[in-house]
Amino acid sequence: MTAYEMISLLEASGIQVPDDVSIISFNNHSLSEHSRPALTSVDIHIFQLGYEATGCLIDQIKNPATPVKRIIIPADLIIRDSCTPFCRE
């Protein structure tokens, strides 16, 4: 939500996204692709994180001696219109 507000505040100040500054958000909110400009975002796959965390919690409740698990859920960068390439040709 902070990224959406930043875009509004920057544009109200005459700073254009992405021409003058790029904005990248975190968590790939469902509104990201519908904002103007569409918001570049890091997708941490929140549903999968919750699913895995719940499974670990259930395992711990069933068997408190269960060793702690380390599970890595890869993140993805979803490039949209709020970000321009670092080097323009």
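- Under the salt bridge (charged side-chain N to carboxylate O under 4.0 Å, His left out) criterion, D59 pairs with K69, sequence neighbours left out.
- Applying the salt bridge (Lys or Arg N to Asp or Glu O under 4.0 Å) rule to pairs touching residues 42-51 yields nothing, sequence neighbours excluded.
- Between R80 and P37 there is no side-chain heavy-atom pair separated by less than 4.5 Å.
- Side chain of S25 to main chain of T40: a donor-acceptor pair is present (N/O by atom type, distance under 3.5 Å, no hydrogens or angles).
- Here V68 sits alone; no ILVMFWY side chain lies under 4.5 Å from its own, so it joins no hydrophobic cluster.
- Note that the CZ atom of F26 and the CG atom of L39 stand 13.0 Å from one another [nearest 0.5 Å].
- Under the rule for a side chain to side chain donor-acceptor pair (under 3.5 Å), the partners of S32 that lie at least two apart in sequence or sit in another chain are Y4.
- In this view, D81 satisfies the side chain to side chain donor-acceptor pair (under 3.5 Å) rule with no residue, not counting sequence neighbours.
- In the hydrophobic cluster analysis, where Ile, Leu, Val, Met, Phe, Trp and Tyr join through side-chain heavy atoms closer than 4.5 angstrom, I73 is grouped together with L77.
- Residues S82 and P18 have side chains not in contact (no heavy-atom distance under 4.5 Å, counting atoms from C-beta outward).
- Taken from CD in E11 to CZ in R36, the straight-line distance is 11.5 Å, to the nearest 0.5 Å.
- Applying the side-chain contact (heavy atoms from CB on, under 4.5 Å) test to Q60 and every residue at least two apart in sequence or in another chain returns T66.
- Within the 4.5 Å cutoff, the side chain of I24 has no heavy atoms near those of the S41 side chain.
- One hydrophobic cluster holds both L31 and V17 under the rule that ILVMFWY side chains link at heavy-atom gaps under 4.5 Å.
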Exercise for review: Show your reasoning for whether side chain to side chain contact (heavy atoms under 4.5 Å, CB included) applies to N28 and V42.
Suggested key: CA-CA 6 Å; N28 198 32; V42 176; over 6 Å; no
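- When the side-chain contact (heavy atoms from CB on, under 4.5 Å) test is applied to I58, the partners found at least two apart in sequence or on another chain are T54, K62.
- Not counting sequence neighbours, the partners of E52 by the side chain to side chain donor-acceptor pair (under 3.5 Å) test are Q48.
- The hydrophobic cluster containing L9, built from Ile/Leu/Val/Met/Phe/Trp/Tyr side-chain heavy atoms closer than 4.5 Å, comprises no other residue.
- V21 and I7 fall within a single hydrophobic cluster, where Ile, Leu, Val, Met, Phe, Trp and Tyr are joined by side-chain heavy atoms under 4.5 Å apart, directly or via other members.
- The shortest distance between side-chain heavy atoms of N27 and I46 falls below 4.5 Å.
- One finds the CD atom of E33 at 9.5 Å from the CD1 atom of I78 (value rounded to the nearest 0.5 Å).
- Taking CD1 of I79 as the reference point, atom OG of S22 lies at 10.5 Å (rounded to 0.5 Å).
- The side-chain heavy atoms of L49 and I44, taken from C-beta on, include a pair separated by under 4.5 Å.
- In terms of the side chain to side chain donor-acceptor pair (under 3.5 Å) criterion, residue partners of D76 (sequence neighbours excluded) are, by chain and number, H45.
- Tracing side-chain contacts under 4.5 Å through hydrophobic residues (I, L, V, M, F, W, Y), one reaches L10 starting from M1; they form part of the same cluster.
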